[in-house]
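What follows is a single structure, written as structure tokens, with notes after it.
Each chain gets a letter, A, B and so on, in the order the sequences are listed, and its residues count up from 1. Everything numeric in this text was worked out from a predicted model, so none of it was measured.
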Amino acid sequence: MKSAVTYELLHKDKTTGARRGVIHTPNGDIQTPVFMPVGTQATVKAMTPEELKEANAQIILSNTYHLFLRPGHNLVKEAGGLHKFMNWDRPILTDSGGFQVFSLGALRKIKEDGVEFRSHLDGSKKYLNPEIAMEVQEALGADIIMAFDECCPYPSTYEYTKNSMERTTRWAKRCKDAHKSIEKNALFGIVQGGFFKDLRKKSAEDLIALDFPGYAIGGISVGEPKKEFLDILNYTAPLLPENKPRYLMGVGTPDYLIESAIAGIDMCDCVLPTRIARHGTAMTSRGKVVVRNATYERDFTPLDPECDCYTCRNYTRAYIRHLINTKEILGVRLLSIHNVNFLTKLMDRVKIEIENDNLANFRDEFYQKYGYEKV
RNA sequence: GGGUAGGUGGUCGAGUGGUUAAUGGCACCAGACUGUAAAUCUGGCGACGAGAGUCUACGUUGGUUCGAAUCCAACCCUGCCCA
């Protein structure tokens with residue numbers, strides 16, 4: 001049976017090995033490497049689908065756990081699926097709820113069969129396991145769905161990480177067995193193993209044996225130093241099949257996105273651009289601009305002089321600072337629009353640099369301009 | 001004119017003899033944020049000082065007391081009620 005999602009490699013950067021490709025999905029093609037904005041509750045906070053398209057967002061994320069609690073996957077199914085429900089006709093990826101096993105730490109209990117949650121909304125008991133995560137995600141109807149996993153905290157012991165990783169692999173098998181709508185959505189496996197290379201290798205091997213149509217790396221970018229992040233990323237990414245999409249979960253910052261592409265990653269997602277937008281910060285070609293700070297009170301220039309997004313074409317730092325400081329909704333909207341644009345444009349640039357076999361140079365230029373230190 | 005309630009740090013407002021440079025909220029100033037429990041959270045917020053610390057502060061002036069934002073007196077100002 002044909003997988004819902006396939007990967008086509010177009011070009012490999014000769015200096016780094018970064019991959020320029022296309023992911024074919026039921027709702028259209030995705031040019032990679034790609035940054036995917038996160039819309040946990042069936043909306044990328046503060047942005048309309050039209051604005052996302054104008055920002056050249058090719059695919060967005062949504063979340064099993066959150067939609068399971070509210071409004072319920074059956075309601076979304078009744079609405080005609082997530083695409084129709086939220087008026088987004090491009091690809092969607094749903095996360096499995098595995099990240100909530102991590103982020104809702106105190107509110108959940110992990111067992112072999114699955115995870116018992118206390119709802120963060122009302123404290124009621126909820127239950128997710130591989131089979132339920134599949135049922136929910138199939139009802140939502142995303143193009144790419146994720147295996148139910150556990151994302152380990154940093155730091156975790158070897159023993160804890162090993163047990164967790166092995167359970168995640170068992171869960172992945174159960175997800176695969178439970179997954180029915182193979183032609184409608186592709187199920188990706190998630191490599192775990194924390195910060196231990198032998199565990200990463202074992203996880204990758206066991207998951208590859210299960211033959212998923214795509215693979216994710218989970219459990220990094222969870223608070224560790226950048227050096228450790230790069231170490232595990234650069235070790236793990238090459239373990240994954242060449243002919244399938246590689247997805248690094250939860251990244252992130254501009255430098256991490258470039259490093260990910262260099263490591264041979266095709267897809268990344270992150271809440272960061274929209275979250276820091278809500279908290280008053282813009283990502284720009286010259287580094288972070290905390291536009292709510294007093295220094296921008298009389299700065300009548302755009303957020304980023306090199307940006308041509310809707311926000312930068314029309315509004316000044318001083319005005320956006322005023323909107324943020326007066327808690328006007330428009331401030332959050334304008335910053336979100338800009339930040340998502342910034343990252344999608346960054347990835348557009350990365351694609352061109354890969355095609356020109358120039359990604360390594362571009363990274364160095366970018367680091368210098370943005371103000372990052374090389375690790 | 002009489003009565004009454006009150007005047008506290010940028011602001012609103014606690015405190016009614018000592019552990020009070022003075023609770024809180026807001027405003028303001030920073031920081032954090034990476035598969036979203038996040039339009040959230042953390043810290044700072046009298047002056048000088050790197051710091052220990054020093055100084056100046058609760059309408060004004062005087063007084064009581066070892067010690068006062070807190071008690072007393074006079075005065076100034078504000079709200080409300082009565083003339």
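- Within the structure, every pair that satisfies the side chain to side chain donor-acceptor pair (under 3.5 Å) test and touches residues 326-343 of chain A, not counting sequence neighbours, is listed here: E51(A)-R333(A), N341(A)-K345(A).
- Regarding contacts with the backbone of U36(B), a side-chain N or O of Q100(A) is found under 4.0 angstrom from either OP1 or OP2.
- Atom CE of M249(A) and atom P of G35(B) are 10 Å apart (whole Å).
- The salt bridge (Lys or Arg N to Asp or Glu O under 4.0 Å) search around K126(A) returns none, not counting sequence neighbours.
- Residue D149(A) is in base contact, counting any heavy-atom pair closer than 4.0 Å across all strands shown.
- Between S103(A) and U36(B) there is no side-chain polar atom (N or O) within less than 4.0 angstrom of OP1 or OP2.
- One atom, CE of M283(A), and another, P of U34(B), lie 11 Å apart when rounded to the nearest Å.
- Using a 4.0 Å cut-off, no side-chain N or O of N293(A) falls inside it from OP1 or OP2 of C29(B).
- Using a cut-off of 4.0 Å between Lys/Arg side-chain N and Asp/Glu carboxylate O, D211(A) and K244(A) are scored as salt-bridged.
- By the 4.5 Å heavy-atom criterion applied to side chains, I145(A) and L93(A) are not counted as neighbours.
- Partners of Y296(A) under the ring-ring contact (aromatic ring centres under 6.0 Å, His included) rule, at least two apart in sequence or in another chain, do not exist in this structure.
- In terms of phosphate contacts, K226(A) brings no side-chain nitrogen or oxygen within less than 4.0 Å of OP1 or OP2 of U34(B).
- Within 4.0 Å (heavy atoms only), I324(A) reaches no atom of the nucleic acid at all.
- Between M267(A) atom CE and G35(B) atom P there is a gap of 15 Å when expressed in whole angstrom units.
- For C151(A), taking side-chain heavy atoms from C-beta onward, the closest of the listed nucleotides G35(B), A38(B), A37(B) is G35(B).
- Taking the six-membered ring for Trp and thresholds of 30 and 60 degrees, F148(A) and W171(A) have nearly parallel ring planes, at less than 30 degrees apart.
- Atom NZ in K288(A) sits about 12 Å away from atom P in U34(B), given to the nearest Å.
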Strictly under 3.5 Å: I want the nitrogen or oxygen pairs between protein and nucleotides 39-47 of chain B, one per line.
residue	atom	partner	partner atom	Å
A39(B)	OP2	R278(A)	NH1	2.5

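- Residue contacts for T281(A): at a heavy-atom cut-off of 4.0 Å it reaches a base atom on one of the strands shown.
- Contact between the side-chain N/O atoms of S221(A) and the OP1/OP2 oxygens of U34(B) is not found at any separation under 4.0 Å.
- The ring-ring contact (aromatic ring centres under 6.0 Å, His included) contacts involving residues 233-285 of chain A comprise F229(A)-Y256(A), where partners must be two or more places apart or lie in separate chains.
- The CG atom of L199(A) lies 11.0 Å from the OG atom of S156(A); values are rounded to the nearest 0.5 Å.
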Under the 3.5 Å Watson-Crick or G-U criterion, the dot-bracket string of RNA chain B, with | for inter-strand pairs: ((((((((.[[[..)..(.....]]].(((((.......))))).(((....)))...[[[[[..)....]]]]]))))))).
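- Between C33(B), G31(B), A37(B), one nucleotide has an atom nearer to the side chain of H120(A) than all others, and that is A37(B).
- Backbone-only contact: R321(A) has heavy atoms under 4.0 Å from sugar-phosphate atoms and none from a base.
- L121(A) comes within 4.0 angstrom of no nucleic acid atom, judged by non-hydrogen atoms across all strands.
- Of the charged side-chain nitrogens involved, none lies within less than 4.0 Å of a carboxylate oxygen, so that K197(A) and E228(A) do not count as a salt-bridged pair.
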